[in-house]
Amino acid sequence: MCRLFGLSSAPRRTRATFWLLDAPDSLARQSHRDPDGTGLGHFDADGTPHVHKAPIAAYEDRRFAEEAREVESATFLAHIRFASTGGLETRNTHPFLQEGRLFAHNGVIEGLDDLDAELGKDWERVRGETDSERFFALITREIGAHGGDVAAGIESAARWVAGNLPVYALNLVLITPRDLWALRYPDTHELYVLRRAAGGQHGVRHLDHSGDGDRMRVRSRDLAGVSASVVASERMDDHPGWRPMEPGELFHAGPDLTPTRRVVLPEEPAHRLGLADLRPEAAASQRAG
């Protein structure tokens, strides 16, 4: 199953060291299970976005290993891909970039011809073959239609997909230089949130998150003195503050240091898919493990 990780320390910039590949405490073991791509997104101080991603198993890519270094940003987004739609190419690897925003998704959307028709000319934003990037293009369009309101754009796009297309899951993380949003929908996959005070549970520790079976590991010495909000596909340590997002919940963390959350999609998808309804490759990509 694809893995999502998002972090916001806004308005403070911090460093998060991502063990994405070949280090002893890396994602090497994880990438044998989710072999189809690894990506990391972040921003320069001037808001310039950067995406480092590889369309093959992380453990096979030495060049990408050299780029999995300490970088500084107020927001981060990482994704480990198990492909459900689209070939193993860089253009199909998360995160995706549109209009200065970075996006990653875990789930499956079917009915892509109908989604393409709904996108119309906005389909030109799509560079690859994935349902995820198409969904992002719809979100981008709706953000514009709502005067730049990202939360309203996510809600509007997700509501349209949930009401018109066959849906397995729409879990997502979207970041800008100073904000992070996450949506869990419906209850297919878990998505967890941690509001972490500076120093963590004991007040003196740096960030050291490791997912089940080292599926994703992230560290930051800077967060010994900086608070942060973390979103992940699984609880990544024993901090008691982790909480599962509710189905349909939209979470936002911004520079005002007051995260918000609300259920924006309380209803079930109109055409909800189960594992048995998916194409074999899509079903394989969504099984936990």
When rounded to the nearest 0.5 angstrom, what distance separates CG in L172 from CZ in F103?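 Here the rounded value is 5.0 Å.
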Does [Y] offer a backbone N or O that forms a donor-acceptor pair with the side chain of [X] under 3.5 Å?
X    : Y    : answer
R13  : E72  : yes
E246 : V263 : no
T75  : T176 : yes
H105 : A169 : yes
N106 : N171 : no

If we count only N and O atoms by modelled type, under 3.5 Å, do the side chains of T258 and D256 hold a donor and an acceptor together?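 No, because no side-chain N or O of T258 sits under 3.5 Å from a partner of the opposite role on D256.
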Just checking, is any N or O donor in the side chain of Q98 or T140 under 3.5 Å from an acceptor N or O on the other one? yes
Start with the C-alpha gap between Y168 and H189, add the side-chain angles, then the distance that decides, and say whether ring-ring contact (aromatic ring centres under 6.0 Å, His included) holds. CA-CA 9 Å; Y168 184 72; H189 295 315; 5.7 Å; yes
N-O pairing of [X] and [Y] below 4.0 Å:
X    : Y    : value
D131 : R134 : no
R125 : E133 : no
R243 : E249 : yes

Show your working on side chain to side chain contact (heavy atoms under 4.5 Å, CB included) between D114 and N164 and close with a plain yes or no. CA-CA 8 Å; D114 291 336; N164 293 277; over 6 Å; no
What's the verdict on side chain to side chain contact (heavy atoms under 4.5 Å, CB included) for V51 and L40, showing C-alpha distance, side-chain angles and the deciding distance? CA-CA 6 Å; V51 178; L40 169 65; over 6 Å; no
Would you call the rings of H50 and H42 parallel, tilted or perpendicular, where under 30° means parallel and over 60° means perpendicular? parallel
More than 12 foreign heavy atoms under 6.0 Å from CH2 of W123: is that the case here? no
